[in-house]
Student: 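Following this message is one structure expressed as structure tokens.
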Amino acid sequence: MTDDTVPGRLGLIGCGQLGGAIAGALLRAGVVPPLRLTICTRSGPAGPMAEVAGIVWTADPQAVAQGCDTLLLALPPMAGRALRLAAGGRLVISVMAGVTLAQLATISGSPRRVRAMSNPAAQSGMAYSPFYAPGLSDADRAVTRAVFDACGLTDEVPEESQMDVFTAVTGPVPGFVAYVAQCMQEYAQSQGVAPDTARRAVAQLFRAAGTLMADSERPPAAFVQEMLDYAGTTAAGLAAMQAAGLPAAVAQGLEAARQRCLTIGAPED
Ligand SMILES: NC(=O)C1=CN([C@@H]2O[C@H](COP(=O)(O)OP(=O)(O)OC[C@H]3O[C@@H](n4cnc5c(N)ncnc54)[C@H](OP(=O)(O)O)[C@@H]3O)[C@@H](O)[C@H]2O)C=CC1
Ligand SMILES: O=C(O)[C@@H]1CCC=N1
């Protein structure tokens, strides 16, 4: 097996916003051909994957668990928590928000478990997909990396608690960033800018800002400090945003999302 493919058959349970995006990424990157992909949903072929010849569709999660070598769980967290798969010793990878590695053991019974997080930007290879998988074999780690390399960037994290952090921070795309963009567009419109002009302008701003920061090793704080040092119009705005509590507001929002993850992952009463 080269280190950029998934051996045997991949079984995907859930093919919605995230599962569909990951499936698209895997096919686009050639990590899994359609003929080695089984997808499980309750209502049959869904989204762009429905048009791909060769994919096997099923409504039976057990068929996936027993007929595939690697399982990828991308269904809603509470539906996932209710699953009980006779997965034997198969590799089980989950991208379900908040579902813990311990819950994956209850769901699948497999000792080969990966708790991961990704986002729908996987479709275009632009996702960030961290994973937590203590004790994973080198071969399973290579398969996990092949899956998430196809989706964008990936890192293995040392603590499971970080998976809730990343579910909050990088799980939603455009997510919280869209909220900031909305605030900026609404400000421009409040100053008389036509809605579509404001929308285009803010979209271009976020395209440029995202590219600039993604192509740089510099942390965002360095860009902010550069503008503060420049002491121009932006510096005045940054000072006002800081005085208005923007950092605390962002932290409170992300913490609320992380807390929701902990609720999902809490043991049943
Ligand atoms: N959307 C996002 O931006 C992100 C989502 N996630 C996580 O990804 C997972 C999937 O979310 P998302 O793709 O948004 O959800 P969607 O609602 O878009 O898709 C859910 C998919 O799961 C299928 N499904 C639901 N219940 C079952 C079941 N019992 N058995 C088999 N298939 C089932 C649905 O098909 P059908 O109804 O036909 O069964 C559908 O294909 C979640 O755990 C979420 O936390 C993580 C990060 C980002
Ligand atoms: O909002 C959600 O629940 C999903 C998980 C992370 C991003 N979107």
Side-chain angles (χ1 to χ4, degrees), residues 10-26 37-52 55-68 71-87 92-101 103-104 106-108 113-132 147-148 151-155 157 160 162-179 253-266:
L10 176 72
L12 172 66
I13 301 181
C15 192
Q17 290 180 36
L18 184 55
I22 293 175
L26 297 178
L37 179 57
T38 297
I39 301 180
C40 174
T41 67
R42 293 167 304 180
S43 52
M49 291 302 111
E51 309 307 319
V52 177
I55 291 174
V56 170
W57 291 85
T58 179
D60 178 7
Q62 293 311 332
V64 178
Q66 278 144 19
C68 298
L71 310 183
L72 181 53
L73 308 184
L75 63 164
M78 299 324 284
R81 281 194 58 173
L83 271 186
R84 293 296 179 270
L85 300 170
V92 178
I93 302 172
S94 167
V95 291
M96 299 185 287
V99 178
T100 64
L101 218 53
Q103 289 167 336
L104 285 174
T106 303
I107 292 164
S108 69
R113 305 184 302 274
V114 179
R115 182 181 173 187
M117 182 40 54
S118 189
N119 65 53
Q123 179 61 45
S124 51
M126 295 178 70
Y128 179 69
S129 308
F131 67 91
Y132 175 72
V147 167
F148 293 122
C151 299
L153 297 181
T154 185
D155 287 311
V157 298
E160 184 165 7
Q162 294 183 13
M163 294 310 299
D164 299 305
V165 175
F166 281 116
T167 302
V169 175
T170 58
V173 172
F176 298 111
V177 176
Y179 190 19
L254 293 173
E255 177 60 8
R258 188 184 74 88
Q259 288 296 330
R260 178 62 63 85
C261 287
L262 297 179
T263 304
I264 295 168

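Counting convention: from 1, in listed order, for ligands and their atoms alike.
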Student: Any N or O on Gly14 sitting closer than 3.5 Å to an N or O of ligand 1?
Tutor: no
Student: For the pair Glu160 (side chain) and Leu101 (backbone), establish whether a donor and an acceptor sit closer than 3.5 Å, ignoring hydrogens and angles.
Tutor: yes
Student: Taking atom CD1 of Ile13 and atom CG of Leu72, what is their separation to the nearest 0.5 Å?
Tutor: 9.0 Å
Student: Quick check on contacts: which atoms of ligand 1 are under 4.0 angstrom from a heavy atom of Cys15?
Tutor: 21 (C), 40 (C), 41 (O)
Student: Ignoring hydrogens, tell whether any protein atom lies closer than 4.0 Å to atom 34 (C) of ligand 1; use the non-hydrogen atoms only.
Tutor: no
Student: Quick check: Val173 and ligand 1, any N/O pair under 3.5 Å apart?
Tutor: no
Student: For atom 48 (C) of ligand 1, grab the closest protein heavy atom and report residue, atom and distance to one decimal in Å.
Tutor: Gly171 O, 3.3 Å
Student: How many angstroms lie between atom CG of Leu75 and atom CG of Leu83, to the nearest 0.5 angstrom?
Tutor: 5.0 Å
Student: Quick one: nearest non-hydrogen protein atom to atom 5 (C) of ligand 2, plus distance?
Tutor: Ala97 CB, 3.9 Å
Student: Looking at every heavy atom in both Ala59 and Arg42, which two are closest together, and how far apart are they?
Tutor: CB-O, 4.1 Å
Student: To the closest 0.5 Å, what do you measure between CZ (Phe176) and OG1 (Thr170)?
Tutor: 10.5 Å
Student: Considering only protein heavy atoms, determine whether one is less than 4.0 Å from atom 2 (C) of ligand 2.
Tutor: no
Student: Looking at Pro77, which atoms of ligand 1 are within less than 4.0 Å of one of its heavy atoms?
Tutor: 42 (C), 43 (O), 45 (O)
Student: Closest non-hydrogen protein atom to atom 31 (C) of ligand 1, residue and atom name please, with distance?
Tutor: Ile13 CG2, 3.8 Å
Student: Output yes when Asp164 and Arg115 qualify as a salt bridge under the 4.0 Å nitrogen-oxygen rule, no when they do not.
Tutor: yes
Student: Locate the shortest heavy-atom distance separating Ala86 from Gln66; write the atom from each residue and the value.
Tutor: CB-NE2, 3.2 Å
Student: Pull out every atom of ligand 1 sitting under 4.0 Å from any heavy atom of Pro120, numbered as shown with elements.
Tutor: 2 (C), 3 (O)
Student: Looking at atom 38 (O) of ligand 1, what's its closest protein heavy atom, distance included?
Tutor: Ser43 OG, 2.3 Å
Student: Quick one: does Ser118 get within less than 4.0 Å of ligand 1, heavy atoms only?
Tutor: yes
Student: If hydrogens are left out, which of Gly175, Ala97, Ala116 has an atom nearest to atom 44 (C) of ligand 1, that is, the closest non-hydrogen atom?
Tutor: Ala97
Student: Within the structure, does Asn119 bring an N/O atom to less than 3.5 angstrom of an N/O atom in ligand 1?
Tutor: no
Student: Considering non-hydrogen atoms of the protein only, which is the closest contact for atom 27 (C) of ligand 1, and what is the distance?
Tutor: Arg42 NE, 3.6 Å
Student: For the atom pair CZ (Arg81) and OG1 (Thr100), what is the distance rounded to the nearest 0.5 Å?
Tutor: 7.5 Å
Student: Would you name the heavy atoms of Ile107 and Val99 that are closest together and state the gap between them?
Tutor: CD1-CG1, 4.0 Å
Student: Looking at atom 6 (C) of ligand 2, what's its closest protein heavy atom, distance included?
Tutor: Thr167 O, 3.8 Å
Student: Angle class for the Phe148/Phe131 ring planes (parallel below 30°, perpendicular above 60°, tilted otherwise)?
Tutor: parallel
Student: Which heavy atom of the protein is the closest neighbour of atom 7 (C) of ligand 1, given with residue, atom name and distance?
Tutor: Val95 O, 3.4 Å
Student: Between the candidates Gln17, Met117, Met96, which shows the shortest non-hydrogen contact distance to atom 18 (O) of ligand 1?
Tutor: Gln17
Student: How close does the nearest protein non-hydrogen atom get to atom 43 (O) of ligand 1, and which residue and atom is it?
Tutor: Leu75 O, 2.7 Å
Student: I'd like to know whether Cys40 forms a side-chain contact (heavy atoms from CB on, under 4.5 Å) with Leu12, so could you lay out the CA-CA distance, the side-chain angles of the two residues, the decisive distance to 0.1 Å, and finally the verdict.
Tutor: CA-CA 6 Å; Cys40 174; Leu12 172 66; over 6 Å; no
Student: Residue-level breakdown please: for Ala74 versus ligand 1, do any non-hydrogen atoms fall below 4.0 Å on the side chain, on the backbone, on both, or on neither?
Tutor: backbone
Student: What are the two closest non-hydrogen atoms of Arg258 and Val165, and how far apart are they?
Tutor: CD-CG2, 3.9 Å
Student: Any idea which of Pro76, Gly16, Ala79, Ser129 brings a heavy atom closest to atom 25 (C) of ligand 1?
Tutor: Pro76
Student: I want to know if ligand 1 touches Leu18 in the polar sense, i.e. an N/O pair below 3.5 angstrom.
Tutor: yes
Student: So, does Pro172 sit close enough to ligand 1 that a heavy atom of it is under 4.0 Å from the ligand?
Tutor: no
